[in-house]
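Whatever order the structure lists them in is the order used to number ligands and atoms, beginning at 1.
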Amino acid sequence: MIPNAYRSLHCNAVRSEHIGQNVTLCGWVNSARDHGGVIFIDLRDREGLTQVVFRPEENAELAAQSHHLRDEDVLQITGKVAARLKGTENAKLGTGDVEIVASECKVLNKADVLPFQLDRELSNEDMRMKYRYLDLRRERMNRNIRTRHKITNAARNHLDAAGFIEVETPILSNPTPEGARDFLVPARLNPGKFYALPQAPQQYKQLMMVAGLERYFQIARCFRDEDLRADRQPEFTQIDIEASFIQRDDIVNLVEGLLVSMFKAGTGRDIPAPFPRMTYQEAMDRYGSDKPDTRYGNEIVDMADVFANSGFKIFRTTIENGGVVRAINAKGFAGITTGQMIRLNEIATQAGMKVKQLAFIKIENGEYKSPLWKFFAGEEQQAMIQKLGAEEGDLIFFYAGTWQEACDILGRVRVEIANMMQLTKDSTALNFLWVVDFPLLAQDAETQSWVAVHHPFTRPKTEDIPLMEAGEYAKVRAEAYDVVLNGYELGGGSIRIHEKDLQAKLFSVLGVNEEEQAHKFGHLLDAFRFGAPPHGGLALGLDRIAMLVSGEDSIREVIAFPKNNKGSDLMTDSPTQIDFKTLREIYIQSTYKEKKPEAA
Ligand code: ASP
């Protein structure tokens, strides 16, 4: 800190070497204690604490005044640095060997009694959000916000050194298909028309490649109107990247270096790169997830060869009809409680399980406890034991159904078992992973129409383009990749389509007719006529990375002013009602009717 007219040092800078010097500090009263007429104050600024002492024998008037100081008053203190009395040093504080003997104390502002104490964790999140500026005074939040700054800075420096140019793109823009609802803004100057807030700067960044910028990045605010969870916010920040004349591995290498530098800046740890890679197919088969947590095993095992001729009819016929039978061996979990079993079945049901319960086998006291066991022939039992490495104390779950169901259900069950068994409790592992070769398209279960798995600008793998032309859409893989850490998707991207005809073809597969293509994406298709270079990119979720670096489990803890899980900011009371007249000026009339409380 540079000394200025207010202060000569910050509150974590005073050391033994300053003993005998006069210093001036500014900050908040962290705590005040009266020890037999001598008042001790811990003065706090963002850097830390310094103890200030008011001794009646040194300055009786000031000591008397200091009795009126209250927590969170803002002070400017001048005094002489002194050694603390022997035995009263505080080894936990950087300033713990010294104290300031106050000679002047200026109250810059008084504080009312705070609605909550800053030195205690508060479970009432609404309260924290309402007084977020107080919540942010806490050490933990201060650290989180500063860690976020450090990793953002590291990202900027890394990308700058790699030749990337930071460019801002419009916030008032047009809808861009990233798979969520848009936030819309009425355009007063164009009555009846709306801007959409960007779900991502996707089209702009591609257009910058057509513009010849070659390497672009942005710490970009994005907006998606969707239901919220712990790691989702209606507005969030991504590190958005695009480059020309590159292939997948160029992006992968760049992003590995970027994440290594961000984690080094945020945690001091050296992350080994390159990260392992896995295809989407393998991730789904083994973990039932495209963002697998590889810190623990309990993998999904295909049991087709064991049960193809099973005496247990459901297994046999499922396989005969083209379905799958898959299992998870929850090692050492035979002691599962009834409550946990009920919970697992609930989760499986939420994930799409059609039967009432997951079939299971418990191995306890040398016995195979399960209604299924008796249906299996001797060699089937042996083959099953061998394939799953089943032994005393294990609990095995089975699912028979479609491949997708087995992935969804066993994938969720696997994660929940790990939670219940606390398999990652004291783990400090950072298991980074690339998931590659995603499918390009997926079929909507209800409408049967094809939708883009990533977004419609993603390039099919060159060797799969004939499959696309042949209409075998389910088999077409995309030049798309996600980077995953401990079960969280940190980011994703793709190599893009840069040819007008291929882009138009994909739009038509997605059911976007020519008129709509011209209306919604005319600018992009036009741009592709004028010399578009091959290009690709990726976006990393900055909030999520900051959350993981800070060891938090919600992104709300690393965003200065987040929304709650209903999308509201309780501090400013946003969103808010807008009066009729203002709405009329922007040609808007609300159709919302508040529900009347039901009559008793
Ligand atoms: N636009 C994508 C997203 O926001 C990222 C990308 O493809 O670069 O997820």
Which of the ligand 1 atoms, numbered from 1, are nearer than 4.0 Å to a heavy atom of [X]:
| X | answer |
| --- | --- |
| Gly493 | 6 (C), 7 (O) |
| Ala200 | 1 (N), 4 (O) |
| Lys205 | 6 (C), 8 (O) |
| His454 | 7 (O) |
| Leu538 | 8 (O) |

For ligand 1, which is the ligand I care about here, please tell me if [X] has any N or O atom under 3.5 Å from one of the ligand's N or O atoms.
| X | result |
| --- | --- |
| Arg224 | yes |
| His455 | yes |
| Gln238 | yes |
| Glu242 | no |

Ring center gap for Phe164 and Phe217 short of 6.0 angstrom =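 Distance test on ring centres: not under 6.0 Å, no.
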Can you name the one residue among Arg496, Arg459, Lys461 that meets salt bridge (charged side-chain N to carboxylate O under 4.0 Å, His left out) with Glu479?
->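 When salt bridge (charged side-chain N to carboxylate O under 4.0 Å, His left out) is applied between Glu479 and each of Arg496, Arg459, Lys461, only Lys461 qualifies.
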Quick one: CZ on Arg544 to CD on Glu552, what's the gap to the nearest 0.5 Å?
->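 Spacing of CZ (Arg544) from CD (Glu552) equals 15.5 Å.
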Are any of the side-chain nitrogens in Arg143 or Glu139 under 4.0 Å away from the carboxylate oxygens of its partner?
->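 A salt bridge is present here (some side-chain N lies under 4.0 Å from a carboxylate O).
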Look at atom CG of Asp227 and say whether more than 12 heavy atoms of other residues, nucleotides or ligands are closer to it than 6.0 Å.
->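 Open: at most 12 neighbouring heavy atoms sit under 6.0 Å from CG of Asp227.
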Please state which protein non-hydrogen atom is closest to atom 3 (C) of ligand 1 and give its distance, to 0.1 Å?
->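 The answer is Glu178 OE1, 3.4 Å.
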Using a heavy-atom cut-off of under 4.0 Å, does the side chain or the backbone of [X] touch ligand 1, or both, or neither?
| X | result |
| --- | --- |
| Ala539 | both |
| Gln206 | neither |
| Gln199 | neither |

Does any non-hydrogen side-chain atom of Arg148 lie less than 4.5 Å from one of Asp543?
->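 Result yes, sub-4.5 Å side-chain heavy-atom pair found.
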Would Glu469 and Lys505 satisfy salt bridge (Lys or Arg N to Asp or Glu O under 4.0 Å), going step by step from the backbone distance to the final call?
-> CA-CA 9 Å; Glu469 270 149 18; Lys505 162 81 184 156; over 6 Å; no
Would you check if there is a donor-acceptor pair between the side chains of Glu499 and Gln503 at a distance under 3.5 Å?
->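 Absent: no donor and acceptor within the cut-off.
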For the pair Asn513 and Glu515, evaluate side-chain hydrogen bond (donor to acceptor under 3.5 Å, both in side chains) and give the outcome as yes or no after the intermediate values.
-> CA-CA 6 Å; Asn513 64 30; Glu515 201 185 324; 5.3 Å; no
